[in-house]
Amino acid sequence: MPPATGGGLAESELRPRRGRCSPQAARAAGRDVAAEAVARSPKRPAWGSRRFEAAGWWALLALVTLLSFATRFHRLDEPPHICWREVQRTEESSPKGFSSFCLFFSPQMLIGLAGYLSGYDGTFLFQKPGDKYEHHSYMGMRGFCAFLGSWLVPFAYLTVLDLSKSLSAALLTAALLTFDTGCLTLSQYILLDPILMFFIMAAMLSMVKYNSCADRPFSAPWWFWLSLTGVSLAGALGVKFVGLFIILQVGLNTIADLWYLFGDLSLSLVTVGKHLTARVLCLIVLPLALYTATFAVHFMVLSKSGPGDGFFSSAFQARLSGNNLHNASIPEHLAYGSVITVKNLRMAIGYLHSHRHLYPEGIGARQQQVTTYLHKDYNNLWIIKKHNTNSDPLDPSFPVEFVRHGDIIRLEHKETSRNLHSHYHEAPMTRKHYQVTGYGINGTGDSNDFWRIEVVNRKFGNRIKVLRSRIRFIHLVTGCVLGSSGKVLPKWGWEQLEVTCTPYLKETLNSIWNVEDHINPKLPNISLDVLQPSFPEILLESHMVMIRGNSGLKPKDNEFTSKPWHWPINYQGLRFSGVNDTDFRVYLLGNPVVWWLNLLSIALYLLSGSIIAVAMQRGARLPAEVAGLSQVLLRGGGQVLLGWTLHYFPFFLMGRVLYFHHYFPAMLFSSMLTGILWDTLLRLCAWGLASWPLARGIHVAGILSLLLGTAYSFYLFHPLAYGMVGPLAQDPQSPMAGLRWLDSWDF
Amino acid sequence: MWGFLKRPVVVTADINLSLVALTGMGLLSRLWRLTYPRAVVFDEVYYGQYISFYMKQIFFLDDSGPPFGHMVLALGGYLGGFDGNFLWNRIGAEYSSNVPVWSLRLLPALAGALSVPMAYQIVLELHFSHCAAMGAALLMLIENALITQSRLMLLESVLIFFNLLAVLSYLKFFNCQKHSPFSLSWWFWLTLTGVACSCAVGIKYMGVFTYVLVLGVAAVHAWHLIGDQTLSNVGADVQCCMRPACMGQMRMSQGVCVFCHLLARAVALLVIPVVLYLLFFYVHLILVFRSGPHDQIMSSAFQASLEGGLARITQGQPLEVAFGSQVTLRNVFGKPVPCWLHSHQDTYPMIYENGRGSSHQQQVTCYPFKDVNNWWIVKDPRRHQLVVSSPPRPVRHGDMVQLVHGMTTRSLNTHDVAAPLSPHSQEVSCYIDYNISMPAQNLWRLEIVNRGSDTDVWKTILSEVRFVHVNTSAVLKLSGAHLPDWGYRQLEIVGEKLSRGYHGSTVWNVEEHRYGASQEQRERERELHSPAQVDVSRNLSFMARFSELQWRMLALRSDDSEHKYSSSPLEWVTLDTNIAYWLHPRTSAQIHLLGNIVIWVSGSLALAIYALLSLWYLLRRRRNVHDLPQDAWLRWVLAGALCAGGWAVNYVPFFLMEKTLFLYHYLPALTFQILLLPVVLQHISDHLCRSQLQRSVFSALVVAWYSSACHVSNTLRPLTYGDKSLSPHELKALRWKDSWDILIRKH
């Protein structure tokens, strides 16, 4: 089934896919069912040969894969404009992004690479959702994401097959995922989620596979799956930090595994040691090496300076070509009259900054604001002056006088000629600190402008070095120390960060600064190559910046965020594109039938799981078949349930902005659980009614109706993913009329 | 019956003199000079105001914890005959003579004193030696931080008391379980566990941690019980378990059903705590029934249930809103401040600061104070009259209404003009006809959110309603932003076009209400100025009041202000921080929350040793090497689960909390650490010291260590009791860590 191309734009019919695709989907579902009926039969030993069985197995897998690819690639080119967060992604992956440093990493390179190969020229200026791509080729990038997204279904299929040893459970899972509009939508756009989910599922699959190879340790497949797990973990972590959860899951699984081996007294300690080493190699060393390697590549590719530089420390910037610190030569020691920028040592705080705006009424004294600012700006420039004279030290008749540790100085803002000043007024945000302002006219202020400059951990009298000295500014009158609280000022402060004077002299990075730029024509320049940080330092620093940036994500105006408890009940979706009834609308929302079935299944699983566990703890003798099924339910289901828990509950603890799409990794696990649960329950049911002649039919009928139900619900809801034009769902004329089951959905 | 004639009446009493001695010493150390200092010390200023509220029976809302804690403190005030008249505004303020300081501080001090013998009991119940138990109690006795905290009117010592009581009674119960299940003492201790747990939770939410721990241990024990094959499933003796009559018989027979055991635990550990928790709130709401300063945070219905305040105004209002009713409309969301829909003569400025234009019509805002301009008249669009007809025609869900501002008789209007501060929403105004082809769009459809049926009548206070604009389907909403000076800093009201589901900011309720009687504008103004009359009282059920109060308490976020003495959890373990509680106004006598550093360090060491040893034993047992005899191993595990586990659950969660933290938050965790210390010491002496000589040396070391702890405790005593004024030199000598903040007067 080739992806439909072209012609989509002209479509103005109410139900875009009615003519072409829905029968296809229905037909596909029909075929699927037929194939399933065929495929289940070979499992009866009386029926066919092994070869036929293998062929059926492969055919089924191929069918699942094909169906998944077909649904994902169908109408991939629509809409031909940016949807939701594609803005951010494409921006960073554009070849333009290649040359400027940005805060996100490897996956962008993958997408960017795909874009590059498919002829995307990087000249498109990504501004806001809704912009048209026009002649820019974006299909390569979308295709790449859809390609990875399509693999989710076969991966889930194989995982469930391995966990439950039941084709019907695997088929049910595959159907749930294929026919989920949410997964489908998410895979069709240039987003990080399909890549992340690809790696998560790959890690899960290979972990399950190597678990099932446990009886043949150190064999080739064992090594293969083990190292593949490691590789996928590196990939998952490289895409987003959400990848940590799958690492946690693999880690727990490995610990349990090792614990089991350790308790096996037939194995010598040496063998256990070998097992341990193999896992350390494949699951820790290998991923770490891969991860750092991608980073190294990233740094090599993105070696040019860009607008995000200010987030990084001075040393870090020195290695970005194009930055003014790259191969810089500046005077080494500070002297009076030098023009400098002062940078806070804490990451992502920025430069000491002031501008011609006053603190508003009611917030301390009404004097000029002093803030820290992350971007390079001429308002970051300060002049070092002696505290008691106002003569121009750059006058050539004066000798050069160096600033020394312990000197009393005055910092004059170059643009506005006001002095850095502090006094006993409370700071705007941190009420226990003192306010810092710009004060005085043309450099003439009062004694509150005097600061003692100190180098941390050095002797008095030493000169102060550019970049390398860690300095503090102590306010002479109040004895407080200049620092930044890291809190964002409100609108009146242009959302820059607050600067305060801290009366508590604790040693924190917030109150330690270094001098970054230094201009003094009277001093000789020296080269600063020594500054180059080592790779581990770079790695650490960029991670710190990313973590801070991540946790600092706050919702923008008019942006809709959601709460974690909304997610499993499919409370509200995310509008990808289009608002009005004339727009081409795409709405990210899970297929409610699938999602509510998943929700029900989790409850049902907990119930049936605990009943079985209690029965076993009570020592009830279960018949062999029931015992086998309970094992599947407890072991296989338990593993998947753990995955769901790990990928869902941590979000409750996160303070950052959360979106609906964060739930999708958990949703994959929850669908697998559904597959395993219903198959097992139906089998148990069939076993319980074995005396009844049609007992075997219960299982078949149950699975069949579930499959058909999901397929039909997909037929109903597919316009959510493939796009809708026409009146909104409240309107009885709309094709989606009657499908708005919850008031909180708006499509 | 006449037995006492035949045999002498003998009373034998076992008195554990060491227990008595410990109690005595505990009382002495905690109660000694309890009224000193006769001034407000640290957080007493905070708890004190709530005690005053209790004494005056005025309603209040405190987000720091459930009401039981405050009630315990208030009980002290009640016993001392406190009348609540004291202004709690400043730390260090001298108490006036009407404040019964001794009885206010008595209950926390008693709780602190009784913790000492309880520590002894717990270690004994863990089946460790009398010597170890004495050690635990003696450590509790000399721990300076615990002494300081219990001698003041603070809640931590009470919390610790109930934590320990929960653990102790669970242990007693567990030990009863082995030989006499369902005996009287078994029931007693089981119930006491539940009661103590809920008291701990009732004092501070922190108590939940210990509750979870006890539940966890109980769950594990119950799981073992389920596995016990000697017990019957659900025997015929279900009834029997519950009847005290056959308890003796039960003790004889082993055939008690598992179900009875589980049921008893569920009732005692789940049902009783919940019921008790509700009871705390019930008593709280009975005690504080008068309206007070915190009323405004609560909903109108809640306020109306309090005596005085809103109740006085709303008493006897007509219940059903009719066409012609005069109403004030309160926003349900109540954030940032509770406010009422408001309008006044002034118009929106023609051009805003940022250059955008407005409609220049009359402003509509939300105003946080009662005002005559908050009155609106509900008008029927089809009629002209503004009075209630007789009989009144009630307004129902779905009806079309106009809202006419009482003082200006302009009607509420919204149109496609951007709102002043939220440009993506519509402006809401009171319509002025400028004759510029901008028609009035003042029809609103009433939606009752909490309706029972679609024909519900709009009710005063009870109904939560939304106003949906008929022309644009925008919803009347409080945006939460403060208007600039031209809008008198009142809150902005907007018409929100894309409203998703239920959100409090779009929902309103009628607070004050009367039937309008005058058609004439003059008369109506007079009517509006006069307070509403008539009488009907509306009572909220307890559960509704409870759930609202509980919800508001949890949702109330006091902005996290940095405190001078706030600290981070990492600083607690090593005691890198202290809190100065009080300083004598003239001399340098002072009270600090400062722990006994020897105990803190050795507690942490003991914890580390416990963890390492356990890991070692676990690994060895896994390889089938049993270093410890089974009973010693079980003892070791149970002691660890309760003590080390108690430390972990009371400490680790703080890393995830974002509120301001203080050193005293660590004290519950510290108590568990202190319990673990003698356990580890005895274990080392019993199992790791090979020879008698080693054992003697070890005992000598322990004695030396304990005397050093005593010495430290004694040295720090002036800072604990604040009874002695030290010279600056002596104070400096006490500053053992640079990070300790000891106050030294400059003369």
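None of these values were measured; they are calculated from a predicted model. Reminder, nothing fancy here: chain letters follow the sequence lines and each chain counts from 1.
Residue A/W745: no heavy atom, backbone or side chain, is found under 4.5 Å from chain B. Contacts of A/L742 with chain B are absent, with no heavy-atom separation under 4.5 Å from either backbone or side chain. Proximity to chain A (any heavy atom under 4.5 Å) is restricted, for B/L656, to the side chain, taken from C-beta onward. Looking at B/D741, there are no atoms closer than 4.5 Å to chain A (heavy atoms on both sides), in backbone or side chain. Within the 4.5 angstrom heavy-atom criterion, no atom of B/L262 approaches chain A.
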Would A/F262 and B/L618 count as a side chain to side chain contact (heavy atoms under 4.5 Å, CB included) if you check the C-alpha gap in whole Å, the side-chain angles of each, and the deciding distance to 0.1 Å? CA-CA 11 Å; A/F262 191 71; B/L618 263 178; over 6 Å; no

Any chance you could lay out the side chain to side chain contact (heavy atoms under 4.5 Å, CB included) test for B/R622 and A/L265, step after step, and finish with the verdict? CA-CA 9 Å; B/R622 191 74 192 156; A/L265 292 179; over 6 Å; no

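The number of heavy-atom neighbours closer than 6.0 Å to CH2 of B/W551, taken from other residues, nucleotides and ligands shown, is 12 or below. By the 6.0 Å contact criterion, NZ on B/K732 is open, its count of non-hydrogen atoms from other residues, nucleotides or ligands being 12 or less. Residue B/Y488 places its OH atom among 12 or fewer non-hydrogen atoms of other residues, nucleotides or ligands, all under 6.0 Å distant. Few gaps surround CH2 on B/W223; more than 12 heavy atoms of other groups in view lie less than 6.0 Å from it.
Taking all atoms of both residues into account, the shortest heavy-atom contact from B/D228 to A/R618 is O-NH1, 3.1 Å.
With a 4.5 Å cut-off on side-chain heavy atoms, A/V272 and B/R623 count as touching.
Rounding to the nearest 0.5 Å gives a distance of 13.5 Å between CD1 of B/I226 and CE of A/M616.
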